[in-house]
Trainee: 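Right, I'll just put the structure down here and ask away after.
Model, not experiment: these values are computed from the prediction. In what follows, chains are A, B, ... by sequence order, proteins preceding strands, each numbered from 1. Note that these values count all heavy atoms, side chains included, but never hydrogens, waters or copies made by symmetry.
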Amino acid sequence: MKTMYRTHTCGELNGQHVNEKVTLCGWIQKIRKLGGMTFIDLRDRYGITQLAFNAEQNPDLCKQIEPFGREWVIQVTGIVTERYSKNKNIPTGDIEILVEEIQVLNESLTPPFTIEDESDGGDELRMKYRYLDLRRNPVKNNLMFRHKLGIAIRNYMNNIGFVEIETPFLIGSTPEGARDFVVPSRLTHGEFYALPQSPQTFKQLLMVAGFDRYFQIVKCFRDEDLRSDRQPEFTQVDCEMSFVTQEDILNTFEGLLKYIFKEIKGIDIEPIERITYADAMRFYGSDKPDARFDMRFVELNDVLKHRDFKVFNEAELVVGIVAKGCANYTRKQLDGLTDFVKRPQVGASGLVYVLCQEDGHFKSSVDKFYNQEDLRAVAEKCGAQAGDLILIMAGKTEKTQKQLCELRLEMGNRLGLRKAGEYKLLWVIDFPLLEWDEETQRYYAKHHPFTAPKPEHEAILETEPGKVNANAYDIVINGTEVGGGSIRIHDKNMQKRMFKALGFTEEEAQRQFGFLMNAFQYGAPPHGGIAFGFDRLCSILCDADTIRDFIAFPKNNSARDVMLNIPSPISEAQLKELGLK
RNA sequence: GGUCCGGUAGUUCAGUUUGGUUAGAAUACAUGCCUGUCACGCAUGGGGUCGCGAGUUCGAGCCUCGUCCGGACCGCCA
């Protein structure tokens with residue numbers, strides 16, 4: 001009858017424990033047989049401790065460990081001994097266990113890849129055996145990091161009076177926003193639940209209920225295609241407050257971010273700069289600019305549209321960026337940049353360059369159309385100096401901004417301006433309330449349909465919907481949107497007007513969101529909030545380029561779990577029971 | 001829905017440019033030697049449906065077409 005499995009973990013023994021009798025449990029990381037001596041590295045989540053076996057002193061034990069292999073689970077009892085030759089690389093490197101007794105708790109097959117920091121396993125294989133992958137330090141540390149971040153957030157939010165409240169996962173489907181995951185109802189055939197894309201309406205109802213500071217670290221679900229930073233189920237830090245202005249919210253969560261960076265990374269971040277959506281688009285061509293480097297857009301319509309160059313003359317926008325010190329780019333490099341913007345993913349038809357040469361002359365790909373004076377005017381407007389390279393694109397405003405944004409980021413990469421370990425946070429504010437969609441010929445909510453128009457724009461909601469701005473904001477870190485929120489509508493009539501602007505009939509609005517508008521009739525306080533992408537926050541804080549590394553059991557590119565091999569069919573009986581057959 | 005890249009030993013990859021004898025390396029695994037290793041070392045050995053299917057050819061890992069799987073991206077993600 002076993003009374004105790006272990007007295008210590010594999011990460012805690014050191015010189016102070018010498019001569020103590022200890023019992024350890026763990027996995028065999030590595031066996032090194034040197035003839036008379038055998039060493040086993042025993043691993044658990046806390047570290048590695050070396051076990052030593054001497055054939056002369058203890059031949060029976062050495063015989064017993066003969067068949068042992070990697071990843072077997074064993075329990076050993078022995079004496080902590082100072083090492084003959086110490087290992088400075090690990091915390092337990094001063095000691096080893098002189099084993100007296102050993103017991104196999106479980107054998108293991110040879111794992112399909114090495115359980116080491118630099119594993120030989122590929123992504124797919126590691127996902128298929130994720131439980132083995134999770135034994136590796138890098139992945140384990142990522143999950144530990146996630147845990148730490150979660151604790152930090154909960155501590156901070158608790159300290160400033162936020163209450164964590166759970167909201168349901170089985171809710172109703174709504175047409176707005178992302179595609180819903182749906183769950184068939186067994187009790188009412190032909191009817192469905194949906195999994196929440198976010199707890200949006202529930203947190204608003206909690207405001208009506210008087211929980212004026214709510215938060216929740218919560219799973220959300222969206223049935224859309226995946227990316228390295230997008231999973232069908234992901235985690236949000238969802239927050240909402242009552243009786244607050246946008247200013248209150250930005251300040252409150254700037255405090256949270258400041259705390260996180262200090263607590264988790266030991267970094268004191270600068271006060272977070274703010275930029276309007278309009279300026280973000282104008283200067284960076286993106287609503288989530290990487291502000292670690294400047295390289296702002298300069299509009300060049302007025303200095304480049306007076307000559308005979310059709311491409312510019314017919315363009316809605318002619319816009320350039322300055323790449324400092326790149327005037328020495330070779331023809332090959334310039335062609336490389338042109339190829340970059342011509343890739344289907346960027347989709348530009350071309351790229352114009354102006355080299356500001358050291359001797360004061362300008363050389364461009366449009367010398368046929370523009371003289372030195374013209375090009376000097378361009379350089380002046382861009383603030384380019386001798387030695388700089390100006391890159392210019394032209395076309396429809398939105399498309400061109402997007403394309404130049406891609407080029408700007410690419411140049412940032414090439415010039416090493418997007419440094420890992422450097423963090424630039426940015427509030428993007430004053431988002432438009434609505435966005436026109438050509439395909440369906442209607443307005444969509446840019447943020448979501450519960451976002452309030454700016455009070456000064458309320459009057460033109462019906463007449464000029466496209467010009468209405470909202471007190472909506474995103475928090476952007478190094479070019480990644482890690483959170484967003486808004487001041488919400490808390491008035492039934494305003495909410496009705498909003499649904500109307502989105503093309504809902506009154507019946508549709510009532511059927512889908514009647515519960516919310518009803519609630520607004522019972523003293524809904526003014527409120528607003530924000531939600532952070534928890535997985536993204538983890539990956540950004542660790543300079544990782546994928547959120548998968550921070551999720552214990554993520555889905556692959558096709559939304560499959562290759563370990564469980566799901567999604568998978570269900571039985572005829574189940575289908576029948578759910579009324580799907 | 002689209003574009004691009006990849007699929008060869010348990011694993012990570014080379015080999016495909018220019019089709020040609022028995023498809024290699026590293027690592028992992030097994031066996032032997034080795035008393036201070038900690039990326040131990042040395043020696044030996046086993047291990048291959050070259051993703052799958054069709055086609056071209058005297059001959060296909062290599063060329064063509066299709067298909068499946070994986071990855072990155074565009075569309076999509078209020």
Trainee: Is A/Tyr444 touching bases, backbone alone, or none of the nucleic acid, heavy atoms closer than 4.0 Å?
Mentor: nothing

Trainee: A/Phe515 vs A/Phe513 aromatic rings, parallel, tilted or perpendicular, using cut-offs 30° and 60°?
Mentor: tilted

Trainee: Using both distances under 3.5 Å as the test, list the Watson-Crick or G-U wobble partner of B/rC58, or none.
Mentor: B/rG20

Trainee: Which is more 5' along RNA chain B, the nucleotide nearest A/Lys33 or the one nearest A/Gly122? Just name the residue.
Mentor: A/Gly122

Trainee: Base of B/rG75, side chain of A/Arg179 - is there a donor-acceptor contact under 3.5 Å?
Mentor: no

Trainee: By nearest nucleotide on RNA chain B, pick out whichever of A/Asn89 and A/Asp120 is the more 5' one.
Mentor: A/Asp120

Trainee: Considering only side-chain heavy atoms of A/Leu125, which listed nucleotide, B/rU11, B/rC74, B/rU37, is closest?
Mentor: B/rU11

Trainee: Give a yes/no answer on whether the side chain of A/Asn557 brings an N or O atom under 4.0 Å of OP1 or OP2 in B/rA72.
Mentor: yes

Trainee: Does B/rG70 have OP1 or OP2 under 4.0 Å away from a side-chain N or O of A/Ser558?
Mentor: yes

Trainee: Partner of B/rC4 by Watson-Crick or G-U wobble geometry, both contacts under 3.5 Å, or none?
Mentor: B/rG71

Trainee: With a non-hydrogen cut-off below 4.0 angstrom, is A/Gln345 in contact with a base, only sugar-phosphate, or nothing?
Mentor: base

Trainee: Between A/Lys402 and B/rG75, is there a side-chain N or O to OP1/OP2 distance below 4.0 Å?
Mentor: yes

Trainee: With a cut-off of less than 4.0 Å, is there a side-chain N or O of A/Arg222 near OP1 or OP2 of B/rC76?
Mentor: no

Trainee: Is a donor-acceptor pair below 3.5 Å formed from side chain A/Asp123 to base B/rG70, judging by atom type as modelled?
Mentor: no

Trainee: Take atom CG of A/Asn54 and atom P of B/rU37, then tell me their distance rounded to the nearest Å.
Mentor: 15 Å

Trainee: What integer distance in Å separates A/Arg343:CZ from B/rA72:C1'?
Mentor: 10 Å

Trainee: Any strand counts, and the cut-off is 3.5 Å on both contacts for Watson-Crick or G-U wobble. Which nucleotide pairs with B/rA14?
Mentor: none

Trainee: Consider the side chain of A/Asn87, meaning its heavy atoms from C-beta on, and name the nucleotide among B/rC38, B/rG75, B/rG70 that approaches it most closely.
Mentor: B/rC38

Trainee: Looking only at the side chain of A/Arg548 (C-beta and beyond, no hydrogens), which of the listed nucleotides B/rU11, B/rG75, B/rA72 gets closest?
Mentor: B/rA72

Trainee: Please confirm whether the shortest side-chain N or O distance from A/Lys30 to OP1 or OP2 of B/rC40 is below 4.0 Å.
Mentor: yes

Trainee: Please determine if a side-chain N or O atom of A/Ser228 lies less than 4.0 Å away from the OP1 or OP2 oxygen of B/rC73.
Mentor: yes

Trainee: Stepwise, does the side chain to side chain donor-acceptor pair (under 3.5 Å) test hold for A/Tyr284 with A/Asp290?
Mentor: CA-CA 8 Å; A/Tyr284 300 103; A/Asp290 186 344; over 6 Å; no

Trainee: OP1 or OP2 of B/rC40 less than 4.0 angstrom from a side-chain nitrogen or oxygen of A/Arg32, does that happen here?
Mentor: yes

